[in-house]
Amino acid sequence: MALGIVINTRTDLGVAAISSIPYAYSILFNISFGLTTFLMFIIFILVQFALLKKISFKVFMQISMTTLTSIFIAIFDILMPFGNLSFTIAFILLLISNILTGLGVYLMTEARLILDPGNGIVETLCFYFKKLFSYLRIRFDIALVIFTCLSGLIIKGKIVDIGIGTVVSAYLIGKSAGIFDGLFKKKLI
């Protein structure tokens, strides 16, 4: 997952919606992308505790996922070179990355595994609002992108690293999870 997140930043088409806040803040404040991801995920965990009105073991275990993901993002961010990809290649990689991420999100949620806090908060919101995961994931991602845009405008007077890739991911990851849900449930029934 961490490698996919960093690869997405290297397409230069705009980072995935879930990464937009930590990536923009890493640029705005010149700090590690891994650290800003860690901080955002801790906030997501705290929000989950507040919505559930208890400290759930399943949510508490997201702290270990947060730590590992953030460490690997920091490592891959240092090790992975920036490349000059053509728009076509970058866009194809973006689509494949988002569809595979949607499949991974679907499989993690269906298997009831410990989720990363980005998906964990959406699952908690689904429980709280009684909505489908794919429905809320799309809206949650759009809210993250809006927050990132506003943050950039307020802090630097410009939008930071939001592009077509961000818009595509805000829709496609949640949509892919919903499509895989429909495909796999039909096969299983």
**Request:** Working to the nearest 0.5 Å, report the span between CZ of Phe38 and OG1 of Thr69.
**Result:** 11.0 Å

**Asked** Should Leu13 and Val167 be counted in the same cluster of Ile, Leu, Val, Met, Phe, Trp and Tyr side chains packed under 4.5 Å apart?
**Response** no

**Counterpart residues, side chain to side chain donor-acceptor pair (under 3.5 Å), relative to Asp77 (two or more places apart)** = Arg10

**Asked** Does Phe127 share a hydrophobic cluster with Ile55, counting links as ILVMFWY side-chain heavy atoms below 4.5 Å and allowing steps through other members?
**Response** yes

**Fill in**
By ring-ring contact (aromatic ring centres under 6.0 Å, His included), Phe44 pairs with (sequence neighbours left out) Phe140

**Message:** Suppose clustering is done on Ile, Leu, Val, Met, Phe, Trp and Tyr with side-chain heavy atoms closer than 4.5 Å. Which residues sit in the same group as Val145?
**Reply:** Leu153, Ile159, Ile162

**Request:** With sequence neighbours left out, write down each residue that passes salt bridge (charged side-chain N to carboxylate O under 4.0 Å, His left out) with Lys131, or none if nothing qualifies.
**Result:** none

**Fill in**
Residues at least two apart in sequence or cross-chain that pass ring-ring contact (aromatic ring centres under 6.0 Å, His included) with Phe72, listed by chain then number, are none

**Prompt:** Got a sec, which hydrophobics cluster with Phe57, joining ILVMFWY side chains under 4.5 Å apart, including via others?
**Reply:** Met61, Ile114

**Message:** The criterion is side chain to side chain donor-acceptor pair (under 3.5 Å); which residues satisfy it with Ser151, sequence neighbours excluded?
**Reply:** Tyr25

**Fill in**
Sorted by chain and number, sequence neighbours left out, side chain to side chain donor-acceptor pair (under 3.5 Å) with Asp141 holds for Arg137

**Request:** Report the residues that fulfil side chain to side chain donor-acceptor pair (under 3.5 Å) with Ser169, sequence neighbours left out, ordered by chain and then residue number.
**Result:** none

**Request:** Sequence neighbours left out, what pairs pass salt bridge (Lys or Arg N to Asp or Glu O under 4.0 Å) with at least one residue falling in residues 79-106?
**Result:** none

**Prompt:** Near Lys58 NZ, under 6.0 Å, is it more than 12 heavy atoms from other residues, nucleotides or ligands?
**Reply:** yes

**Asked** Roughly how far, to the nearest 0.5 Å, is the OG1 atom of Thr166 from the CG atom of Leu144?
**Response** 11.0 Å

**Asked** Minimum heavy-atom separation for Ala74 to Ser32, with atom names?
**Response** CB-OG, 4.1 Å

**Message:** For Phe87, give me all partners under ring-ring contact (aromatic ring centres under 6.0 Å, His included), at least two apart in sequence or on another chain.
**Reply:** Phe91

**Message:** Do Ile138 and Ile146 sit in one hydrophobic cluster, given that two such residues count as connected whenever their side-chain heavy atoms are within less than 4.5 Å of each other, even indirectly?
**Reply:** yes

**Asked** Are Ile179 and Leu172 linked, directly or through other ILVMFWY residues, by side chains that come within less than 4.5 angstrom of each other?
**Response** yes

**Item:** Cation-pi check, Lys53 onto Phe49 ring (under 6.0 Å, within 45° of axis)
**Value:** no

**Asked** Side-chain donor-acceptor pair under 3.5 Å between Gln48 and Gln62, yes or no?
**Response** yes

**Complete:** Going by chain and number, the hydrophobic cluster around Ile78 (ILVMFWY, side chain to side chain under 4.5 Å) further includes none

**Request:** Answer yes or no: are there more than 12 heavy-atom neighbours, outside Ile164 itself, under 6.0 Å from its atom CD1?
**Result:** no

